[in-house]
Protein chains: 2
Amino acid sequence: MALKAEIVSIGSELVSGQSLDTNSRWLSAELGALGIPTAFHTTIGDDMDDNVQVFRIASQRADLVLVTGGLGPTQDDLTRDALARTAGVKLHEDAGSLAAIAALFARRNRPMAERNRIQAMLPDGAEAMPNPVGTAPGVWMKVGRAAFAAMPGVPYEMRQMFQEQVVPRLRQRRWVERVIVHRKIALFGKGESEFEAEALDLTARGRVPEVGITVHDATISFRIRGEGVTQEEAWAQTEETAALIRSRFGPLVLGEGTTDVVDALVAELNRTGATFATAESCTGGLLAQQITAVPGVSANYFGGVVSYANRAKTEFLDVPAQLIEAHGAVSPEVAAAMAQGARARFGVDLAVSTTGVAGPDGGTPEKPVGLVYLGLATPEGVETRRIEVGPEQPRDVIQRRSTKQALNWARTTLQSWPEAGGSR
Amino acid sequence: MALKAEIVSIGSELVSGQSLDTNSRWLSAELGALGIPTAFHTTIGDDMDDNVQVFRIASQRADLVLVTGGLGPTQDDLTRDALARTAGVKLHEDAGSLAAIAALFARRNRPMAERNRIQAMLPDGAEAMPNPVGTAPGVWMKVGRAAFAAMPGVPYEMRQMFQEQVVPRLRQRRWVERVIVHRKIALFGKGESEFEAEALDLTARGRVPEVGITVHDATISFRIRGEGVTQEEAWAQTEETAALIRSRFGPLVLGEGTTDVVDALVAELNRTGATFATAESCTGGLLAQQITAVPGVSANYFGGVVSYANRAKTEFLDVPAQLIEAHGAVSPEVAAAMAQGARARFGVDLAVSTTGVAGPDGGTPEKPVGLVYLGLATPEGVETRRIEVGPEQPRDVIQRRSTKQALNWARTTLQSWPEAGGSR
């Protein structure tokens, strides 16, 4: 049976944008790991008509509806009432819940306010789900084709109730039988549509296992969905596809998990034992910052120079002033000299440099905003590359894209270098 | 007329819980500022039936439907098609959009993949909303009682399209009548609770204009809400409160808008004409990166050295090797020498330095993770400060907090310096 879940978050502060709803994401991920796909997230404010309408729609299109919020003691906590109206039943006071609420106040040595009584109200035919860490009990009831589980909006109360009350009920109903894993393989070095074009067979609808593509900052991720009775079986289902992606895209593969270009570069530095330095103009320290954000890189990364002013290029990187005169600071000649200067002055195996026009101002017809030259110095010599991120891009995007290109150039260069201890 | 908005986010990675949807929150807040309440957030995966069903429901219960995602060039981007099906119309290729997409690729000197053509498809009767920063144009069309605005899922593309394309259309339709402005005044230099205690009168419930407090990375922001028929009227309502905050908190005020410590520092650099450089160890380039993220700072900021390895401290900042021997790289002595070295070598008025233990490893009982020394060199000499961010803090927090302290120290120092052209 293919189940469909819907998650409903209730709270005016959520729908107005004052607070960010993180419960839905957490619940979706938990359900996914249990093999129950979530088809809908719906967020609504503390409005009775909207609540009833959304519950009715959910009761028709989903098998399982997880509701968070609206179980508090105040007038704008409507979940109990809205559930009863949707199911067309009355509310009654649940003795067990009332006792539990009273006991909680007793434990906290605080008097139970009269208004907390309302939290013991339960739609006829519903089960109360005990809340050991808060005053609001949850509600489990069948409405239409769907089973509803209403939980508090407070994340730690919701999480405990989900694990201790909801999951056992799902297992009881044999809704939890299969396990789903998601594997993420990150790639960099081509445009999204180029990757997509080369992966049409993988992303084809109905393929097993299913493969999706997401993009973040020009890093493409393939998401492989594996399903099975056990974790192992679900994982095994992804193996062949993962291997296929790795073999097809080879050096473009950064790695698995939350890996990005910089992590893959650091892995190559550790593998080769190569030492590395940076010389930055237009990226202004972003390269250095991204590398040093990764812990334990100090054995390989000696440091960097942010040579924002031309005199800094000369003072710290031995870029001849007349070279800057002749070609301008944004030129392949200066990019090359910066990389070579950094390599020599830091005494490292490998150095990269950036010089360009990050904008928004400073562009010219010959050297528009978004034009960046990269330099790469190795024992074999120095090379440069020209990138154009596009004059319409904001400064931070130009800086991030050119940083990523520079990091990736260092990474792909190191791929051909021997293991640490090898000749170098 | 009481409008109702619905926000629909599309993406399997969202509904499965792999990624967190932040677009809906941002859009709700923006609509709220325009006086349009959001009643529903709905999130769905890349499934045609779900898309069409959700669009149909939205077209019946909302006046304005903002859609994000599903406009990419890949097979699982269904928004254009789903909108057409919901409206019962066909898709056609929009010549203007196709030209714009082709032009974007041309500007980036990259071939346009055949797949990108699909991004120029438009439902009959719809208007294309140009996307100056990405390949996916937006879609504006009427479906049922609702106006739909479909935007890309990439946040900065979505935000720009909302401001430049959607808001004007809302004003055109007179859906935006009352103007609500939010003025944000940022402060730094005290704990949140201290600021709160000194602002109880401002943040009192029911006060007009309303004032809220938010905290980001130890920067406190007062948000003043002004309302009126015109921008001017709404703004005028905030003036007195803004002036009160400025006078009460004086030098702790960083400025208005999205201002943070670094922006206020750059403003002081521009005011004084002082020249500035950085020398970083544990912050690894974050200082330089934050400063150079601000456009037009190159006249004042000459650059920085990321002296991650000790030999880089000696080579570029003239820190005596014996000094590092004697006191260790994480010491006030080395922090002072780094700042002085940077000031001398860059030839600037002011230089700051950082050296510390960013963790997660490398801590000792004497020098625990989170211990950072700052140095500040000026014409008057050099000073150092000791910060302890706390060993339990993650690496990125330790790096961000100490960077912010260093930037703020430079800022407050410059506050007593004369205007540019004054004696220095």
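Keep in mind that what you see is a predicted model, and the values were worked out from it rather than measured. Naming: A, B, ... by sequence-line order, numbering from 1 per chain.
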Engineer: Chain A heavy atoms under 4.5 Å from B:P132: which part of the residue, side chain, backbone, both or neither?
Structural biologist: backbone
Engineer: Under 4.5 Å heavy-atom distance to chain A, tell me which part of B:V294 shows up: side chain, backbone, both or neither.
Structural biologist: backbone
Engineer: Measuring heavy-atom distances to chain B, does A:V397 have an atom under 4.5 Å in its side chain, in its backbone, in both, or in neither?
Structural biologist: side chain
Engineer: Looking only at the side chains, is there a donor atom on one of A:S28 and A:H41 sitting less than 3.5 Å from an acceptor on the other?
Structural biologist: yes
Engineer: Chain A heavy atoms under 4.5 Å from B:L14: which part of the residue, side chain, backbone, both or neither?
Structural biologist: backbone
Engineer: Please flag which part of A:R386 lies under 4.5 Å from any non-hydrogen atom of chain B: side chain, backbone, both or neither.
Structural biologist: neither
Engineer: Heavy-atom distance under 4.5 Å to chain A: side chain of B:R345, backbone, both or neither?
Structural biologist: both
Engineer: Which atoms of A:E392 are under 4.5 Å from chain B, going by heavy atoms: the side chain, the backbone, both sets, or neither?
Structural biologist: both
Engineer: Kindly compute the distance separating CE (A:M338) from OG1 (A:T314), expressed to the nearest 0.5 Å.
Structural biologist: 10.5 Å
Engineer: Which bit of A:Q290 is near chain B, if near means a heavy-atom gap under 4.5 Å: side chain, backbone, both or neither?
Structural biologist: neither
Engineer: What I want to check is whether the side chains of A:R223 and B:Q18 have a donor and an acceptor closer together than 3.5 Å.
Structural biologist: yes
Engineer: Side chain, backbone, both or neither: which part of A:K4 has an atom under 4.5 Å from a heavy atom of chain B?
Structural biologist: side chain
Engineer: Verify the distance criterion only: is there a donor paired with an acceptor across the side chains of A:T283 and A:S402 at less than 3.5 Å?
Structural biologist: no
Engineer: Taking side chain as everything from C-beta outward and backbone as N, CA, C, O, which of these in B:D21 sits under 4.5 Å from a heavy atom of chain A? Side chain, backbone, both or neither.
Structural biologist: backbone
Engineer: In this structure, which one of A:I10, A:I44, A:T43 forms a side-chain contact (heavy atoms from CB on, under 4.5 Å) with A:V54?
Structural biologist: A:I44
Engineer: Please rank B:S281, B:A277, B:A39, B:A312 by heavy-atom pairs under 4.5 Å with chain A and give me the top one.
Structural biologist: B:A39
Engineer: Under a 4.5 Å heavy-atom cut-off, does chain B meet the side chain of A:P37, its backbone, both or neither?
Structural biologist: neither
Engineer: What part of B:R395 lies closer than 4.5 angstrom to a heavy atom of chain A: side chain, backbone, both or neither?
Structural biologist: side chain
Engineer: So what's closer than 4.5 Å to chain A heavy atoms on B:Q53: side chain, backbone, both or neither?
Structural biologist: side chain
Engineer: If you count heavy-atom pairs under 4.5 Å with chain B, which of A:E196, A:K184, A:E388 comes out on top?
Structural biologist: A:E196
Engineer: Which region of B:N116, side chain (C-beta onward) or backbone (N, CA, C, O), has a non-hydrogen atom less than 4.5 Å from a non-hydrogen atom of chain A, or is it both or neither?
Structural biologist: side chain
Engineer: What part of B:L27 gets within 4.5 angstrom of chain A, counting heavy atoms only: side chain, backbone, both, or neither?
Structural biologist: neither
Engineer: If the plane angle is over 60° it's perpendicular, under 30° parallel, otherwise tilted; pick one for A:F195 and A:F222.
Structural biologist: perpendicular
Engineer: Please list, chain by chain and in numerical order, all residues satisfying side chain to side chain contact (heavy atoms under 4.5 Å, CB included) with B:Q60, sequence neighbours excluded.
Structural biologist: B:R56
Engineer: Tell me whether A:T355 contacts the main-chain N or O of A:A329 through its side chain, where contact means a donor paired with an acceptor under 3.5 Å.
Structural biologist: yes
Engineer: If I measure from the heavy atoms of chain A, does B:R107 come under 4.5 Å with its side chain, its backbone, both, or neither?
Structural biologist: both
Engineer: B:N109 versus chain A, heavy atoms under 4.5 Å apart: side chain, backbone, both or neither?
Structural biologist: side chain
Engineer: Select one option (side chain, backbone, both, neither) describing which atoms of B:T42 are under 4.5 Å from chain A's heavy atoms.
Structural biologist: both
Engineer: Which answer fits B:E315, side chain, backbone, both or neither, if we ask what part of it has an atom under 4.5 Å from a heavy atom of chain A?
Structural biologist: both
